[in-house]
Amino acid sequence: IPESGHKYYLQFSTEDYRTGEDAGNCLATVLFPKKKSRPVVSIKCSHTKDQKEIQEEDNKFYQRIRHQSKPITANNIPDSYGNIEPALEPLWALAVAGSSSIMWEKSTETLGYFLAQVKSVRQWMRKDDFVEFDYTVLLHEMPTQEIISCHMRLTWLPAQPLKVKHFCAPEGHGAEQGSGAESGSAAGPSAEKGASF
């Protein structure tokens with residue numbers, strides 16, 4: 001699009017993260033603006049997985065987190081052999097969802113990112129209904145093969161978008177300013193103004 005940038009039209013299928021079952025099809029448009037800014041994404045998906053079943057799974061995980069007497073902590077997900085303990089899979093899934101908003105913000109037409117590993121995760125005990133976690137994640141940058149370390153603070157309540165604050169510092173480079181505050185979900189990320197942490 002002259003003066004604006006390149007716009008892409010995509011059609012793709014999705015699958016359930018845990019089971020690998022077909023989860024629906026999506027149509028999306030992605031505009032990479034000529035000026036350096038995050039991609040503009042519009043997406044519509046048809047879901048084949050029962051939304052009630054998804055909400056029940058979310059609530060089960062949420063209740064387990066809320067009734068912890070001590071904060072949940074973990075390191076190196078997956079481990080050096082690529083394995084994820086079943087008890088840690090929900091923490092990995094939250095990291096996947098949260099880091100997707102960072103990847104969306106940092107991606108360009110020539111750079112993409114994948115979540116390589118959760119180096120550490122720690123739960124914050126809250127008095128309200130939200131659950132909150134601090135993550136340190138490693139993102140694999142393609143095609144440069146660099147590994148970028150990011151700190152994320154995730155705040156979540158079932159049936160609401162995941163709130164993400166982040167700060168990334170590429171290895172071997174100076175610190176890079178983070179986002180302030182982001183909200184993201186499978187329904188699509190949306191920017192939210194807020195202070196850095």
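The chain is numbered in sequence order, starting from 1. Just so it is clear, the structure is predicted and the values come from calculations on it, not from any experiment.
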(Q) Suppose clustering is done on Ile, Leu, Val, Met, Phe, Trp and Tyr with side-chain heavy atoms closer than 4.5 Å. Which residues sit in the same group as Ile54? (A) none
Q.
Measuring from atom CD of Glu146 to atom OH of Tyr113, what distance do you get when rounded to the nearest 0.5 angstrom?
A. 8.0 Å
Q | Check: Phe114 and Met142 side chains under 4.5 Å, non-hydrogen atoms | A | yes
Q. Tell me the disulfide bond (SG atoms under 2.5 Å apart) pairs involving residues 74-127, sequence neighbours left out?
A. none
Q | Approximate separation, where rounding is to 0.5 Å, of Leu139 CG and Cys150 SG | A | 4.5 Å
(Q) The criterion is side-chain hydrogen bond (donor to acceptor under 3.5 Å, both in side chains); which residues satisfy it with Asp129, sequence neighbours excluded? (A) none
Q: Would you check if Glu132 and Gln123 make a side-chain contact, meaning some heavy-atom pair closer than 4.5 Å?
A: no
Q.
Applying a strict under-4.5 Å side-chain criterion to I, L, V, M, F, W and Y, I'd like to know whether Leu162 and Leu157 cluster together.
A. yes
Q: Look up atom CG in Leu94 and atom CZ in Phe133, then write down how far apart they are to the nearest 0.5 Å.
A: 6.0 Å
Q | Other ILVMFWY residues reachable from Ile1 by side-chain steps of under 4.5 Å | A | Leu31, Val40
Q) So which heavy atom on Ile147 is nearest to which on Leu138, and how close? A) CG2-CB, 3.8 Å
Q.
Would a single hydrophobic cluster contain both Tyr62 and Met125, if residues Ile, Leu, Val, Met, Phe, Trp and Tyr are joined by side-chain heavy-atom contacts under 4.5 Å?
A. no
Q. Can you name the nearest heavy-atom pair linking Leu91 to Ala74, along with the distance?
A. CD1-CB, 4.5 Å
(Q) Does Thr14 form a side-chain contact (heavy atoms from CB on, under 4.5 Å) with Asn25? I'd like the steps, not just the answer. (A) CA-CA 6 Å; Thr14 61; Asn25 294 304; over 6 Å; no
**Q.** Gap separating the OG atom of Ser101 from the NZ atom of Lys165, nearest 0.5 angstrom
**A.** 13.0 Å
Could you give the side-chain donor-acceptor pairs of residues 63-70 under 3.5 Å, partners two or more places apart or in another chain?
from  : atom 1 : to     : atom 2 : distance (Å)
Arg66 : NH1    : Asp128 : O      : 3.0
Arg66 : NH2    : Asp128 : O      : 2.9
His67 : ND1    : Gln63  : O      : 2.7

Q | NZ/NE/NH1/NH2 to OD/OE distance under 4.0 Å, Arg153 and Asp134 | A | yes
Q) How about Phe12: does its CZ atom have over 12 heavy atoms from other parts shown lying under 6.0 Å from it? A) yes
Q | Distance, nearest 0.5 Å, that separates OG of Ser107 from CZ of Arg38 | A | 11.5 Å
Q.
Less than 4.5 Å apart, side chain to side chain, heavy atoms only: is that true for Ser120 and Thr136?
A. yes
Q.
Using only atom types and a distance under 3.5 Å, with no angle test, would you say the side chain of Gln117 pairs donor to acceptor with the backbone of Pro78?
A. yes
(Q) Starting from Tyr8, can I reach Leu27 by hopping between I/L/V/M/F/W/Y residues whose side chains sit under 4.5 Å apart? (A) no
Q.
Are more than 12 heavy atoms, taken from residues, nucleotides or ligands other than Gln145, located less than 6.0 Å from that residue's CD atom?
A. yes
(Q) Contact between Gln11 and Cys26 at the side-chain level, heavy atoms closer than 4.5 Å - yes or no? (A) no
Q: Kindly give the cluster partners of Trp124, where membership spreads through any ILVMFWY side chain lying under 4.5 Å from a current member.
A: none
Q. Would you call Glu105 and His166 a side-chain contact if the rule is heavy atoms closer than 4.5 Å?
A. yes
Q. Taking C-beta and beyond as the side chain, do Ser13 and Glu15 meet within less than 4.5 Å on heavy atoms?
A. no
Q: Drop me the distance from Gln160's CD to Asp58's CG, to the nearest 0.5 angstrom.
A: 12.0 Å
Q. For the hydrophobic clusters of this structure (ILVMFWY residues joined by side-chain heavy atoms under 4.5 Å, transitively), does one cluster hold both Leu111 and Val137?
A. yes
Q) Which atom pair, heavy atoms only, marks the closest approach of Phe32 to Thr108? A) CE2-C, 3.4 Å
Q.
Minimum heavy-atom separation for Val131 and Arg126, please, with both atom names.
A. C-CD, 4.3 Å
**Q.** Test item: Trp156 side-chain N/O and Lys163 main-chain N/O as donor-acceptor pair under 3.5 Å
**A.** no
Q: Please answer whether the main-chain N or O of Gly82 pairs with a side-chain N or O of Asp79 as donor and acceptor at a distance below 3.5 Å.
A: yes
Q.
When you compare the side chains of Asn75 and Lys119, does any donor N or O come within less than 3.5 Å of an acceptor on the partner?
A. no
Q | Minimal non-hydrogen separation, Thr110 against Pro143, with atom names | A | O-CD, 3.2 Å
Q) Are Glu3 and Lys34 close enough for a salt bridge, meaning some N to O gap below 4.0 Å? A) no
Q: Mind listing the closest non-hydrogen atom pair of Ile77 and Trp92 along with its distance?
A: O-CZ3, 3.2 Å
